[in-house]
Structure formats: C-alpha cells, structure tokens
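Dropping the structure in here first, questions after.
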Amino acid sequence: MPQRTASTSRKHLSIAAVIVADIDSGRLAVGDTLPSETALAARFRVARGTIRHALEHVRHAHRRLSRRGTRWVVHPETLAQDVTELRSFGQWAKAIGHEPGGHTLLCSEGRANAEEAHALGISIQRPVLRIMRLQSIDDFPIMVKRTTFPQWLIPTIAQLPEDARSIMEVVERTHGPQLAYGEHLISAVLPDSEDARLLGVTRTTPLLRVQRSARTFDGRPFEYSDDRYLSTATALSVVNSARSRTR
C-alpha cells in the first residue's frame, strides 16, 4: 500500500479551511445543504475520501456541520449555556447577543400526572397547562420545549399568541421577575419521530435533554420543562467550586 505523504495528509485540512471560510463569510448560510461529496471532490480535485475527512474535521473541530443521511448541513455555531445561572431560553439567547424566537405548537389544560406533580411540588390531579413550543435562535430551530405550568400561571400563559417570542417576557411584564430556584437533569436521548421532524434531523441524531423544575422567589412552583436541544447547536456549561476545607 502506498504511503501517504505529509502534503497529501494535509489536503483535508486546507479543504476544511475553505469550507469554514465559506460558512463564516455567509457564502454557506445556516441551514444550507452542502454539495454532494462527489461534487466537492470534483471542485477540489481530490478523492471522495479526502472530502469526507475534511467534512468530518469541520464537524468535530469547528462544530459547524452535521450529517443528515448522505448530505451535510450547515448549523449555527455551538452556543454555550451556563445552567448554573437561572434564566429562560429567551433571556439566555439575548444575553449572548442572539435573537430568540418561538412558536407554540400545542397548548392544553389538564390535570397533573404523578411526574408533573412531583416536579412541581403539587398534588396529583391539580389543574396545569401544558405547552409545546419550537424554539429558535436567529430563526434557526434548535430546541423542542415541553413545559407544564401550575394553575396560577394558566390565565397569563393561555392567552399568549402562538408566535410569542418568549413566555418569560410576558410573565415578567405581568408578575415581575420570578425565577429564583431551579433543578436540572441533563441527559442524551434520541429523537422521536415528532422531534426529528420539527428539528429536521434523523432518528439517529442525538439530542441534549434538559429537564428543569423551577420555583419563584416566594416558593411557588413555576414550571416543569422537558427541553430537547440540537446537540450540534448548544453545549451546557457548569462551573463548580470546591468547599473550603476545615481541619
């Protein structure tokens, strides 16, 4: 088998640099599908294996591409979310200089099941409001959000328009700042058919799952949320510190 030269082994890096430059300049926009590997091989006059190596490098080193079947798609730069700071999706997006968006897909009143009652600290069968929303950043969908709200918030949230940018904005205008305490459970899951369709991914694409229960400054339950993020679009940041040692 012929050995690869240093020049040959570096070809994929130079091709990757061109692709990243195309993304940074806007020639390839978020949501765009790249040409096929065959077409890219013809453009750069290299083998398809070199192209595949370059695309994998962009995916892992720069986190700007994801694979959907046999095609590659540009996604937003991975955004870090500090879960040690308690704030809503919209508040986080605006804090890092991006425009949040949201669209309500489902809004229905019901009675709390055992999981919801435990998370909210209320009795089973208490009235709740369940909302499912598709959340976006800079018009690119990155998260499916399923939230259960307690009875005291139903009159405020049930009246929101479907395209409300942020539920928290409306709640704070009506009731003032609310979030004071939250618990997060973070895991990785595969999307069901609904999440895959909404986020435009395959059923084998891992999602970042964040389950959050939150309370207000006066101790009232605020929400129980099950959020499914595109793992290519966001990363969670947790800052820890050691307790001081005592002798």
Side-chain angles (χ1 to χ4, degrees), residues 23 28-34 36-37 52 55-56 58-83 88-90 92-93 96 98-108 110 113-116 118-119 128-149 162-167 182-214 223-238:
I23 295 172
L28 284 172
V30 171
D32 282 354
T33 300
L34 269 64
S36 67
E37 292 179 0
R52 192 172 299 115
L55 296 172
E56 290 287 355
V58 175
R59 172 161 69 173
H60 294 294
H62 301 274
R63 300 182 65 85
R64 298 306 306 274
L65 292 177
S66 57
R67 193 165 188 168
R68 299 182 185 173
T70 61
R71 305 305 293 268
W72 293 83
V73 179
V74 181
H75 62 70
E77 184 178 1
T78 301
L79 304 173
Q81 182 173 176
D82 183 1
V83 295
S88 70
F89 175 88
W92 161 64
I96 59 175
H98 293 268
E99 185 65 23
H103 184 79
T104 299
L105 306 172
L106 176 67
C107 179
S108 64
N113 59 32
E115 180 182 5
E116 294 167 328
H118 175 75
V128 293
L129 181 70
R130 299 184 183 96
I131 285 188
M132 182 171 74
R133 284 170 58 83
L134 181 62
Q135 303 283 162
S136 63
I137 287 183
D138 300 332
D139 295 325
F140 189 87
I142 70 166
M143 185 254 281
V144 178
K145 184 179 186 68
R146 295 175 176 86
T147 309
T148 303
F149 292 99
E162 290 183 354
D163 59 350
R165 182 177 68 171
S166 169
I167 289 178
E183 293 184 4
H184 299 80
L185 178 63
I186 302 167
S187 58
V189 297
L190 293 177
D192 58 22
S193 57
E194 183 175 50
D195 288 350
R197 175 180 59 82
L198 292 171
L199 294 172
V201 297
T202 67
R203 293 286 301 277
T204 60
T205 302
L207 302 180
L208 189 62
R209 183 187 190 189
V210 181
Q211 295 167 274
R212 181 175 82 169
S213 56
E223 69 173 8
Y224 170 55
S225 187
D226 187 334
D227 304 338
R228 312 291 177 96
Y229 289 87
L230 282 176
S231 58
T232 53
T234 186
L236 299 182
S237 169
V238 179

If I take atom CG from residue Leu34 and atom CH2 from residue Trp72, how far apart are they, to the nearest 0.5 angstrom?
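Those atoms lie 9.0 Å apart.
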Looking only at heavy atoms, which two atoms of Arg59 and Leu65 are closest? And how far apart?
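Heavy-atom minimum between the residues: CG-O, 3.5 Å.
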Spacing of Asn113 atom CG and Arg130 atom CZ [to the nearest 0.5 Å]:
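Separation between the atoms: 5.5 Å.
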Hey, what do you get for OG (Ser225) to CZ (Arg212), rounding to the nearest 0.5 Å?
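Interatomic distance, Ser225 OG to Arg212 CZ, rounded to 0.5 Å: 6.5 Å.
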Which pair of heavy atoms, one from Pro141 and one from Asp139, lies closest together, and at what distance?
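Taking every non-hydrogen atom into account, CD-O, 3.8 Å.
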Partners of Glu115 by salt bridge (Lys or Arg N to Asp or Glu O under 4.0 Å), sequence neighbours excluded?
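Result, salt bridge (Lys or Arg N to Asp or Glu O under 4.0 Å) vs Glu115: none returned.
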Partner set under side chain to side chain contact (heavy atoms under 4.5 Å, CB included) for Thr205, not counting sequence neighbours
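Expected list: Val201, Thr202.
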First locate atom OG of Ser108, then atom CD1 of Ile131, and finally report the distance between them rounded to the nearest 0.5 Å.
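Between atom OG of Ser108 and atom CD1 of Ile131 there are 9.0 Å.
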Side-chain contact, heavy-atom cut-off 4.5 Å: Leu134 with Leu199?
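Contact flag for Leu134/Leu199 side chains = yes.
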Charged N to carboxylate O under 4.0 angstrom, Arg146 versus Asp195?
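Salt bridge between Arg146 and Asp195, a charged N being under 4.0 Å from a carboxylate O: yes.
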Quick check: does any side chain N or O of Arg203 sit under 3.5 Å from a backbone N or O of Pro191, one acting as donor and the other as acceptor?
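Between the backbone of Pro191 and the side chain of Arg203 there is a qualifying donor-acceptor contact (under 3.5 Å).
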Working to the nearest 0.5 angstrom, can you tell me the gap between Ile186 CD1 and Gln211 CD?
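Answer for the CD1-CD pair, Ile186 versus Gln211, is 10.5 Å.
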Tell me, please, which residues at least two apart from Arg197 pass side chain to side chain contact (heavy atoms under 4.5 Å, CB included).
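Glu194.
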Salt bridge (Lys or Arg N to Asp or Glu O under 4.0 Å) partners for Arg52, two or more places apart
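In terms of salt bridge (Lys or Arg N to Asp or Glu O under 4.0 Å), with neighbours along the sequence ignored, Arg52 is linked to Glu37.
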Please walk me through it: do His118 and Tyr224 pass side chain to side chain contact (heavy atoms under 4.5 Å, CB included)?
CA-CA 10 Å; His118 175 75; Tyr224 170 55; over 6 Å; no
So, for Val189 and Arg228, which heavy atoms are closest and what is the spacing to 0.1 Å?
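Scanning both residues completely, I find the closest heavy atoms to be CG2-NH1, 3.8 Å.
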Closest heavy-atom pair and its distance - Ser136, Gly102
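Ser136 and Gly102 have their closest heavy atoms at OG-N, 4.3 Å.
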By side chain to side chain contact (heavy atoms under 4.5 Å, CB included) - contacts of Ser166 (at least two apart):
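So Ser166 forms a side chain to side chain contact (heavy atoms under 4.5 Å, CB included) with Ser88, Met168, Glu169.
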Okay, side chain of Gln135, backbone of Gly101: is any donor-acceptor separation there less than 3.5 Å?
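Judged by distance alone, yes, a pair lies under 3.5 Å.
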So, using side chain to side chain contact (heavy atoms under 4.5 Å, CB included) as the criterion, who are the partners of Glu99 when residues are at least two apart?
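Only Asp138, Arg165 meet the side chain to side chain contact (heavy atoms under 4.5 Å, CB included) criterion with Glu99.
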Check each of Asp227, Leu190, Leu185, Asp226 against Arg209 using the side chain to side chain contact (heavy atoms under 4.5 Å, CB included) test, and report the only one that passes.
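The single option meeting the side chain to side chain contact (heavy atoms under 4.5 Å, CB included) with Arg209 is Asp226.
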Leu207 CG to Leu230 CG distance, which is reported to the nearest 0.5 Å:
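If we round to the nearest 0.5 Å, Leu207:CG and Leu230:CG are 6.5 Å apart.
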